[in-house]
Amino acid sequence: VYKHKPNENFKIKVGYDSDVHLVWAAAWLGKEDSGAKQVPKKCKLQVMLQVPGDDPRSALLLFKVKKRWDL
């Protein structure tokens, strides 16, 4: 797994899963070290691209959002 963190609010990870022959890349926006409970209006966004090694045309683009709402 390759990790790159240009600043505290942005992180990129790239890796390869040899069991299922899957290449993936993920970008995270939001502070990683502070939990969502500490900041009332915190949001983390992940965008992930998964590319199977045997069939690159069946690539997937996934989105994941972690949001804490304080009312």
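Treat the numbers as computed from the prediction; the structure is a model and nothing was measured. Below, each value reflects all heavy atoms present in this structure, side chains not excepted, and no hydrogens, waters or symmetry copies.
The minimum heavy-atom distance linking Ala59 with Val51 is given by the pair CB-CG2, 3.9 Å. Summarising the geometry of Trp24 relative to Tyr16, their closest heavy-atom pair is NE1-N, 3.8 Å, with the distance given to 0.1 Å. In terms of heavy-atom proximity, Leu22 sits nearest to Pro52 at CD1-N, 3.7 Å. Annotation for Lys64 and Trp28: closest pair CD-CH2, 4.5 Å, computed over non-hydrogen atoms.
To the nearest 0.5 angstrom, Lys11 atom NZ is 13.0 Å from Glu8 atom CD. Atom CZ of Phe10 is separated from atom NZ of Lys5 by 12.0 Å, given to the nearest 0.5 angstrom. Between the NE2 atom of His4 and the NZ atom of Lys13 there is a distance of 14.0 Å, given to the nearest 0.5 Å.
Side-chain contact check for His21 versus Asp54: every heavy-atom pair is 4.5 Å or farther apart. Side-chain contact between Lys3 and Ile12: absent, with no pair of heavy atoms (C-beta onward) separated by less than 4.5 Å. Using a 4.5 Å heavy-atom threshold, the side chains of Leu61 and Val47 count as touching.
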